[in-house]
Amino acid sequence: MDRRAHGPRRQRLGQRHLLQRTARSPAPDRQPPRYLAYARNWAEKHAYGLNGGVTTRHADNHNAGQAYLDLYEIEPEESKISAIEESLHRMVYTDQPDKNDDWWWDDALHMAMPPFARIGVLRGDPRYWQKLYALYDHTKRLEGGPGLYDADTGLWYRDKRFLPGVPGGILSPAGKPVVWSRGNGWVAGGHAKTLKALPPAERHTGEYRDTLVRLVTAVAGIQRTDGFWNVNLADATHLPGPETSGTSFFLYGTSYAIRAGLVDRRTHLPVVARAWNGLVSTAVHPDGFLGYVQNVGDRPESSQPVTYDSTANFGVGAFLLAGTELARLVGP
């Protein structure tokens, strides 16, 4: 997400939600009270609302709904989810229900797929899942012409500006494609969260599984020896170096895929081990500060240079999300 395009308030409510969500990632009966209080206070500060109000269609604005749904699961009160539910209900039923081109960038899959999946489960209404897939299918197969998904590689382009063959399309300095690490990380996270929420028999679950498997398999083959992934997955010479946010999301998605039995455990455990060891030995400071996080942007050049002292709240959230999923994988 680019601050210039979306503004600082949208960034705070959109991306900070990830930190709130991971503040309560363990099972509810194991919640450290101060972390739950922190997440609750954040939600109450924003009155469990959405940027743009309930009429918004923007995925970044729906992202905060994930934290509200988490808090609702712990302490069910309808007021906590009334805004996110009304906003999604409008898209499904009353506000241009046939319009499916809202998710024009790949980050959107993480921001909005899970809320549609979870509201559908909560209300027992498959129309939310149908709308989810219609939006997803447009992003994957139609956005910009061919869609943002590259079926040959299993990876995703951030938006149509990066599609190969587009006149004036964005390439790396070496003339190679730009396949942004964190953009693909958002995609991995969105698929994993959606699969956790949906019933196994939901008609599109198989496609979501297969797409996540293709993605985590693809990134396993291009992992750096230090456990990280470069900011451009298609060009290792394009601003090379460790980057924490994309790496954390790949760790999360791969750990989930192993735990769910979607990929071979023996093949992929070394991938998650390298990623975790790289993160804790290189990016985590002695005082717990998390570095090497590429800040807001939409491509490898954004918020450069990425250094030992570069951080952002969504990077911390991704790291904590990855750590909790890895703990579930290797724990009792």
Side-chain angles (χ1 to χ4, degrees), residues 103 105-114 116-118 121 129 132-143 146-158 177 179-224 227-230 232-234 245-276 278-279 318 321-330:
W103 298 352
W105 73 116
D106 64 359
D107 311 27
L109 302 187
H110 170 274
M111 311 306 178
M113 284 178 71
F116 275 95
R118 295 174 69 178
V121 171
W129 305 334
L132 185 166
Y133 186 77
L135 291 157
Y136 171 86
D137 187 59
H138 179 94
T139 307
K140 187 176 186 179
R141 297 187 174 90
L142 298 173
E143 177 62 29
L148 303 184
Y149 179 64
D150 184 345
D152 291 334
T153 65
L155 301 175
W156 295 67
Y157 295 100
R158 195 270 178 180
V179 181
W180 190 35
S181 176
R182 187 163 71 240
N184 278 268
W186 288 125
V187 171
H191 279 77
K193 290 181 178 184
T194 300
L195 287 167
K196 286 184 177 187
L198 285 175
E202 196 278 326
R203 61 179 297 195
H204 299 297
T205 296
E207 180 177 342
Y208 300 142
R209 287 193 193 116
D210 291 346
T211 304
L212 178 61
V213 168
R214 285 290 315 277
L215 177 53
V216 301
T217 301
V219 299
I222 52 176
Q223 187 181 28
R224 292 160 49 103
F228 288 86
W229 279 267
N230 287 310
N232 186 353
L233 302 178
S245 63
T247 296
S248 294
F249 276 121
F250 294 143
L251 171 56
Y252 170 64
T254 305
S255 296
Y256 167 76
I258 298 171
R259 193 167 68 86
L262 305 182
V263 296
D264 180 69
R265 184 182 184 96
R266 182 176 297 181
T267 300
H268 287 84
L269 269 179
V271 176
V272 299
R274 280 193 299 270
W276 180 252
L279 287 164
L321 195 67
T324 54
E325 192 66 27
L326 182 59
R328 293 186 180 102
L329 173 63
V330 301

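Keep in mind that what you see is a predicted model, and the values were worked out from it rather than measured.
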Visitor: What heavy-atom pair brings Met113 and Thr194 nearest, and what distance separates the two atoms?
Guide: CB-OG1, 3.2 Å
Visitor: Which heavy atom of Ala257 sits nearest to which heavy atom of Val216, and what is that distance?
Guide: CB-CG2, 4.3 Å
Visitor: Would you say Arg265 and Leu329 make side-chain contact, with heavy atoms under 4.5 Å?
Guide: yes
Visitor: I'd like to check the salt bridge (Lys or Arg N to Asp or Glu O under 4.0 Å) partners of Glu325; sequence neighbours left out, ordered by chain and number.
Guide: Lys196, Arg259, Arg328
Visitor: Do you know which two heavy atoms are closest between Ala117 and Ala197, and how far apart they sit?
Guide: CB-CB, 4.0 Å
Visitor: So Leu155 and Leu233, do their side chains get closer than 4.5 Å, heavy atoms only?
Guide: yes
Visitor: If I compare all heavy atoms of Pro114 with all of Gly190, which pair ends up nearest, and what's the gap?
Guide: CG-O, 4.2 Å
Visitor: How many angstroms lie between atom CD1 of Ile222 and atom CH2 of Trp229, to the nearest 0.5 angstrom?
Guide: 8.5 Å
Visitor: Are more than 12 heavy atoms, taken from residues, nucleotides or ligands other than Arg203, located less than 6.0 Å from that residue's CZ atom?
Guide: no
Visitor: Find the distance between CD (Glu143) and CG (Asp137) and round it off to the nearest 0.5 Å.
Guide: 12.0 Å
Visitor: How many angstroms lie between OG1 in Thr153 and CG in Asn184, if you round to the nearest 0.5 Å?
Guide: 8.0 Å
Visitor: Under the ring pair (Phe, Tyr, Trp, His ring centres under 6.0 Å) test against Phe249, which residue among Trp186, Tyr256, Phe228, Trp180 passes?
Guide: Trp186
Visitor: How close do Ser245 and Ala318 get, counting heavy atoms only, and between which atoms?
Guide: O-CB, 4.3 Å
Visitor: Heavy-atom distance under 4.5 Å between the side chains of Pro199 and Thr205, does that happen here?
Guide: no
Visitor: Mark yes or no for whether Asn230, through its side chain, and Asn232, through its backbone, hold a donor-acceptor pair below 3.5 Å.
Guide: no
Visitor: Check whether Thr254 reaches the backbone of Leu251 with its side chain - one donor and one acceptor, N or O, closer than 3.5 Å.
Guide: no
Visitor: Can a side-chain donor-acceptor contact be found between Glu202 and Tyr208 if the only test is distance below 3.5 angstrom?
Guide: no
Visitor: Report yes or no: does Thr139 contribute a side-chain atom to a donor-acceptor pair with the main-chain N or O of Asp106 at less than 3.5 Å?
Guide: no
Visitor: Taking the side chain as C-beta and beyond, is there a heavy-atom pair between Tyr136 and His191 under 4.5 Å?
Guide: yes
Visitor: Of all residues at least two apart in sequence or in a different chain, which pass the salt bridge (Lys or Arg N to Asp or Glu O under 4.0 Å) check with Arg224?
Guide: Asp226
Visitor: May I ask you to test the Gln223-Pro270 pair for a side-chain heavy-atom distance under 4.5 Å?
Guide: no
Visitor: Counting distance only, does the side-chain N/O of Thr211 pair as donor-acceptor with the main-chain N or O of Glu207 below 3.5 Å?
Guide: yes
Visitor: What heavy-atom pair brings Gly189 and His110 nearest, and what distance separates the two atoms?
Guide: C-CD2, 4.0 Å
Visitor: Is the side chain of Trp156 donor-acceptor paired with the backbone N or O of Tyr149 at a distance under 3.5 Å, no angle test?
Guide: no
Visitor: Is the backbone N or O of Gly185 less than 3.5 Å from a side-chain atom of Asp107, with the two atoms forming a donor-acceptor pair by type?
Guide: no
